[in-house]
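The structure appears below as structure tokens.
Position 1 is the first residue of the sequence; numbering continues from there. These numbers come from the heavy atoms of this one structure, side chains and all, not from hydrogens, waters or symmetry mates.
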Amino acid sequence: MSHSSTTKKPHTVRRKVALLTAIGLGAVAAPFALAAPAQAAGTSYACSVTPLSPVFAGHNSSGQKLVDYRIRVYCNTDRYINITQERWEEDDWPNGDDHLGTSYFSRHLNQYSGVVTISNVRTLVDGEIGNEEVYQKVRFQEGSNGVWSPYTGWYHSGVTSMSN
């Protein structure tokens, strides 16, 4: 019986060492995980979705500046895709970012569609003194034969600074 208690002890020590090693590796990897590229493409099963940095898109008839929040989409096989896009204006701490709006897109794509760019042109919101720093984030799901994936996490574009 004392033999079984001695065999448990090394397992407990090994578990503790493994846990401490995992925590140490996580602490080292965390800064790299947080430093993701600005325009990271989200890939689910057969589709990739990339929120592009917003770009100036001219002026409307009232003279207001326009911003194009573009999304690049590619599917390597026959898929239906639903995309949720949120548009944001970035603020410095302690103020939170301002939500400018949400849009929804549905498309049917396949390998013959190539890369598709969805444009969403909106007026530049004038919410502060100085430039507006705008960006977008997207999430998506894809479907085939009536079966849908869960929505992905959010993918962020780069931030674009525009004078208002």
Side-chain angles (χ1 to χ4, degrees), residues 25-164:
L25 288 174
V28 170
F32 298 105
L34 295 174
Q39 291 178 321
T43 302
S44 192
Y45 300 96
C47 298
S48 293
V49 175
T50 306
L52 303 175
S53 295
V55 295
F56 173 71
H59 295 85
N60 67 12
S61 59
S62 302
Q64 291 178 301
K65 287 187 178 181
L66 299 173
V67 182
D68 191 356
Y69 296 88
R70 301 165 303 144
I71 305 167
R72 185 170 292 144
V73 184
Y74 174 77
C75 295
N76 63 23
T77 190
D78 191 48
R79 290 288 189 265
Y80 290 87
I81 189 161
N82 293 323
I83 301 169
T84 302
Q85 176 196 58
E86 291 186 353
R87 297 173 310 281
W88 292 84
E89 197 279 324
E90 184 179 63
D91 285 321
D92 291 332
W93 187 87
N95 300 320
D97 291 357
D98 298 320
H99 182 245
L100 304 176
T102 303
S103 299
Y104 304 92
F105 305 96
S106 294
R107 298 289 190 274
H108 178 217
L109 301 170
N110 58 41
Q111 67 271 24
Y112 304 110
S113 303
V115 176
V116 174
T117 301
I118 300 170
S119 286
N120 189 8
V121 178
R122 300 295 177 146
T123 56
L124 178 64
V125 174
D126 187 358
E128 61 191 13
I129 297 171
N131 289 355
E132 303 293 336
E133 294 78 26
V134 291
Y135 68 95
Q136 65 172 313
K137 56 185 183 177
V138 300
R139 66 182 187 154
F140 68 98
Q141 70 174 162
E142 56 185 89
S144 177
N145 298 319
V147 178
W148 288 89
S149 71
Y151 271 91
T152 64
W154 291 99
Y155 296 94
H156 296 244
S157 73
V159 176
T160 301
S161 180
M162 292 188 182
S163 62
N164 41 16

Donor-acceptor pairs under 3.5 Å, side chain of residues 89-97 to any protein atom, not counting sequence neighbours: which ones?
unit_1: Glu89; atom_1: OE2; unit_2: Glu133; atom_2: N; d: 3.1
unit_1: Asp97; atom_1: OD1; unit_2: Asp91; atom_2: N; d: 2.9
unit_1: Asp97; atom_1: OD2; unit_2: Tyr135; atom_2: OH; d: 2.6

Would you tabulate the side-chain donor-acceptor contacts of residues 137-144 under 3.5 Å, counting partners in other chains and residues two or more places apart, or write 'none'?
unit_1: Gln141; atom_1: OE1; unit_2: Asn82; atom_2: ND2; d: 3.2
unit_1: Gln141; atom_1: NE2; unit_2: Ser149; atom_2: O; d: 2.9
unit_1: Glu142; atom_1: OE1; unit_2: Tyr45; atom_2: N; d: 3.2
unit_1: Glu142; atom_1: OE1; unit_2: Ala46; atom_2: N; d: 3.4
unit_1: Glu142; atom_1: OE1; unit_2: Cys47; atom_2: N; d: 3.2
unit_1: Glu142; atom_1: OE2; unit_2: Ala46; atom_2: N; d: 2.9
unit_1: Glu142; atom_1: OE2; unit_2: Arg79; atom_2: NE; d: 3.0
unit_1: Ser144; atom_1: OG; unit_2: Arg79; atom_2: NH1; d: 3.4

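Residue pairs meeting the ring-ring contact (aromatic ring centres under 6.0 Å, His included) criterion with at least one partner in residues 104-126, sequence neighbours excluded, are Tyr80-His108. Listed by first and then second residue, the disulfide bond (SG atoms under 2.5 Å apart) pairs involving residues 132-164 amount to none (not counting sequence neighbours). Here disulfide bond (SG atoms under 2.5 Å apart) pairs that include residues 78-119, with residues two or more places apart or in two chains, number zero.
Interatomic distance, CD1 of Ile118 versus CZ of Arg72, reported as 11.5 Å (0.5 Å rounding). Expressed to the nearest 0.5 Å, how far OG1 of Thr77 lies from CG of Asn110 amounts to 7.5 Å. Put simply, CG on Asn164 and CD on Glu128 are 7.5 Å apart, with the number rounded to the nearest 0.5 Å.
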- Are Gln136 and Ile71 close enough, and set up right, to give a side-chain contact (heavy atoms from CB on, under 4.5 Å), and what steps lead you there? CA-CA 9 Å; Gln136 65 172 313; Ile71 305 167; 3.6 Å; yes

- Message: Between Arg107 and Val73, does the side-chain contact (heavy atoms from CB on, under 4.5 Å) criterion hold? Intermediate values first, please.
- Response: CA-CA 10 Å; Arg107 298 289 190 274; Val73 184; over 6 Å; no

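Heavy-atom minimum distance, Val55 versus Arg70: CG1-NH2, 3.4 Å. The two atoms that bring Ser113 and Val116 nearest to each other are O-CG2, 4.0 Å, heavy atoms only.
Using a distance-only test at 3.5 Å, with no hydrogens or angles considered, a donor-acceptor pair links the side chain of Thr160 to the main chain of Pro54. Formation of a donor-acceptor pair under 3.5 Å by the Asn76 side chain with backbone atoms of Gln111 is not found in this model.
Shown here are the salt bridge (charged side-chain N to carboxylate O under 4.0 Å, His left out) partners of Glu132, two or more places apart in sequence or in another chain: there are none.
Judged by distance alone, the side chains of Ser103 and Arg122 do bring a donor and an acceptor atom under 3.5 Å apart.
The side-chain heavy atoms of Thr84 and Trp154, taken from C-beta on, include a pair separated by under 4.5 Å.
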